[in-house]
Amino acid sequence: MATNTQSYTIREISAMMQTTGVSLVDEIATIGPLLFDSRRITDAAHGLFFALTGRRNGHRFIGDAYAAGVRNFVISEKLADAELFAGANFIFVTDTLKALQQLAAAHRARFAYPVIGITGSNGKTIVKEWLTQLLASDYKIARSPKSYNSQIGVALSLWQMDATHELAIIEAGVSMSGEMETLHHMIRPDIAVLTAIGPAHDDGFPSREAKIREKLQLFRGAGQAVYSPDDTAGLQMPGSGVHVTWGGEGTVLTVLGHVITAENRCIIRAQYKGTDVAIDIPFTDAAARTNAICCWAVLLAMGYDQGVIKERMATLQPVEMRLEMKKGINNCTIIDDSYSNDLASLAIALDFLKQQQRHPTQTLILSDLPGVTGDEDQVYNNLFKLLQDSSINRLVTVGPVLGNRSGAIAGITHESFPDTGALLAAMPALDFRDETILLKGARRYAFERVSAALTAKVHDTVLAINLSAVAHNLNQYRSLLPKDVKLMAMVKAFSYGSGDFEIASLLQFNGVDYLAVAYADEGVELRKAGILMPIMVMNPRPASFDALLAHQLEPEIYSFSILEELISVLESRNISGHPIHIKVDTGMHRLGFSTSDVAPLARRLESAGEVKVQSVFSHLAAAGDARHDVFSAGQLAALDTFADKLIAALGYPVLRHIANSAAIPRWPQAHLDMVRLGIGLYGVGNTGESHLQLQQTGTLKTVITQLRQVPAGDSVGYGRHGLIKEDSVIATVNIGYADGYDRRFGNGVGYMLVNGRRARTVGDICMDMTMLDLGGINATVGDEVVVFDDIEAQATAIGTIPYELLTGISQRVKRVYYYET
Ligand SMILES: *Cc1c(COP(=O)(O)O)cnc(C)c1O
């Protein structure tokens, strides 16, 4: 994925790491990108595949990478089937991650230009991007793509450095003690920067102090150290050169205060070497101010003149940290990443595009790359290589450079326009329809105009789904499972209200083994959206058998009558071996065969070649509640007994499963062959004892449509239930019970967040609207309002559970998806 214009031969590469042996068929093969995910292969012919041994053992994917054309590998395990990889080079090492890091360190050591290393809890990516904005007119910069700051990310970031650059800006993130030493060894920054430190100590560190001490390891040996002493908890900086500190009294850049001068501008005043200095930035929030001050100190450390700094600070641009997916015109899906355009962020966006299987046509609207200096051919060749390896089949470019280089890529149709205006004028003729469109434009091409022209108007009330949080939660649960335990993800009821194919796509991409839906039509929708993985249907109806069979859906069979109906349909169509799942009732008393049914069921299935049992399973009634642990253990034992007998009769392997989200952390002995992860995927239902760090995945948002002063004594809403005791400001927001905002939240029981502060409901909830008492909160019409900030507490307040609130958000509320990068 990371690539540079340096070229090493595989022989040279092997000399840059500690090897235990090499097997080189082609010693002078030149190496381009570093690869470690067989689903994300670029420039296969020159790629070097590292078989990393994390949760997924990369050695298992060597075959896939080879099939994709990769011929260069770094591995640490013996190859059982070496003869399958004719013509491939192998480098053997003891630890593939270490080898990757050694390679990155050796590569970085070849360059004498300055490297800025950035660490901290908050703001690393913003500071890195802002420094790039501030310094881009003086230096050709190599920098970490988005927030690539991990043990792997830093190596890939450094790999981007080459001789055409003049400065590198690298982010370093740590989540455990000991990690910074490795990162420091790779980065060896000339200027080390500490951004703000958050108050909490992350998991992985015994204390906040330990976390800071770890981060400070980046500073060892740096010529300049830029930090605020407020963030270092009084700890000694490890040996480094000149300290350019910022913050309170006694620091080099002493911050005196700030004044907000316009809606989104503020002036920050400070003292530097005895003189009063100031910057004027186009942001007002505290985080932006801190990040700007940090950048200010870095520029001072680099010797910039205060006048130049002030001028550049005035034009700082916001940093877009997410890829937003929107509903477009003519059934298109728009992925809007229209604020930056460089090869690294393009690679990430193309990778995300590859994960979207909704439409067969994948389109990229791309502007010329900004500020290419040096070898333009080389840069554009790398760009075309990226496009060649991507899933796009339609390319629309804006700008003269790409226009002149048109027609370069086989299999991709290319339309070009000299500028954004010309593209907009041609929009009707371009007839975008049923396609996924990635928008990627340098800021000066103002692609937000293209975005506006392509996106359907969104209803003001939306449920914004954070796809990266879903992936994060998935991995949290996976980390509790032994490697051979499979995972079925529950995407019933539109993924607990979170949408459908977008979530399923993500789960499919992330290697989940099974999906489960409630009804056949939910499964059909997923198939239509390109979901190929096995799907279990929990509530098959005989009327839906046609659809079930046409779309390879696997029914849950819970009674003899449904089994017989299915068998007779299969028989009449001459189908054999259709996959089914046997549900056993072990105490939930909902659906399922009784435990006493096992003998007749086994007998029936033995002779029923029409079906093949994939799994036998049950459902725990109270997995999350310690008071019922004895009962749960009984359920588990009952399933085992049932499964033993059934499997013995069938004579072929069948998966067993019983654990839902709550059982995964609490009942390791219930993991069996597979677990069924439901609500936990959506960030809800974390039991205190599990230590899982789940992230909220959905934010239900609406807007203020009107504000009014209501005098004491008046009333608000139907039935005059909202009596106003003192003069108040009442905001009407665009969500009501028809959207899924429960009526029980009325009359002050519920609250929403208006500009970050709680405003209680007044009067009854209406069908499409709700009124809020703003108290002292400042707000204007059009302001965004967050409906649930703590869905578990809010569910409790009206006597229900988060499941009901989530699935109750009506389908008329648009789902918008985004991906944090
Ligand atoms: C919904 C469901 C699950 C998932 O339950 P969560 O509590 O959401 O994890 C598991 N198994 C079955 C049969 C279900 O219906």
Side-chain angles (χ1 to χ4, degrees), residues 470 473-478 480-481 485-500 503-504 507 512-520 522-523 526 534-540 553-559 562 580-593 614-625 628 632 635-636 638-639 642-643 655-668 670-687 690 692 694 696-698 791-792 795 800-809:
V470 178
N473 295 337
L474 171 67
N475 289 329
Q476 285 286 306
Y477 280 96
R478 271 186 170 164
L480 301 176
L481 300 176
V485 173
K486 294 185 189 309
L487 194 142
M488 174 183 271
M490 311 307 282
V491 294
K492 60 190 182 197
F494 296 101
S495 295
Y496 293 53
S498 298
D500 44 332
I503 303 268
L507 296 168
V512 162
D513 302 280
Y514 256 99
L515 294 180
V517 294
Y519 295 104
E522 295 176 352
L526 295 182
I535 300 176
M536 179 173 90
V537 175
M538 294 193 290
N539 235 320
L553 303 173
E554 307 179 6
E556 163 185 324
I557 297 298
Y558 52 82
S559 70
I562 191 107
I580 61 167
H581 300 263
I582 300 293
K583 174 75 169 288
V584 192
D585 175 19
T586 57
M588 177 85 172
H589 298 332
R590 193 168 61 178
L591 289 181
F593 286 96
Q614 299 296 305
S615 79
V616 49
F617 73 105
S618 190
H619 195 42
L620 294 170
D625 192 340
H628 298 297
S632 298
Q635 286 197 277
L636 185 55
L639 173 68
F642 189 100
L655 300 172
R656 311 172 190 225
H657 46 109
I658 194 166
N660 64 349
S661 303
I664 295 172
R666 291 201 65 237
W667 282 91
H671 291 166
L672 307 182
D673 300 316
M674 180 153 81
V675 297
R676 299 190 306 272
L677 177 59
I679 199 154
L681 203 47
Y682 311 101
V684 182
N686 193 11
T687 54
S690 71
L692 287 170
L694 300 184
Q696 184 183 334
T697 56
I791 203 157
E792 281 165 83
T800 184
I801 50 173
Y803 296 76
E804 187 183 341
L805 290 189
L806 284 175
T807 55
I809 299 171

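Atoms within each ligand, like the ligands themselves, are counted from 1 in listed order.
At the top of the distance list for atom 7 (O) of ligand 1, counting protein heavy atoms only, stands Tyr803 OH, 2.7 Å. Arg676 NE, 2.7 Å is the protein heavy atom nearest to atom 11 (N) of ligand 1. Looking only at heavy atoms of the protein, atom 15 (O) of ligand 1 is closest to Lys492 NZ, 2.6 Å. Protein heavy atom in closest approach to atom 9 (O) of ligand 1: Ser661 OG, 2.5 Å.
An N or O contact shorter than 3.5 Å is missing between Lys583 and ligand 1 by distance. For a threshold of 3.5 Å applied to N or O pairs, the pair formed by Met490 and ligand 1 contains no separation below that value. Any N or O atom pair closer than 3.5 Å counts here, and Ile679 shares at least one such pair with ligand 1.
When every heavy atom of Leu694 is checked against every heavy atom of Gly680, the shortest pair comes out as CD1-O, 3.9 Å. Among all heavy-atom pairs drawn from Leu677 and Ser661, the shortest one is CD1-OG, 3.4 Å. The two residues Glu792 and Pro802 make their nearest non-hydrogen contact at CG-CG, 3.6 Å. Closest of all the heavy-atom pairs between Thr697 and Leu681 is CG2-O, 3.6 Å.
Checked against the 6.0 Å centroid threshold, His657 and Tyr514 do not count as a close aromatic pair.
Compare His619, Met488, Met536 by their heavy atoms: the one nearest to atom 12 (C) of ligand 1 is in His619.
When non-hydrogen atoms are compared, ligand 1 lies under 4.0 Å from the side chain of Arg590 (C-beta onward) but not from its backbone.
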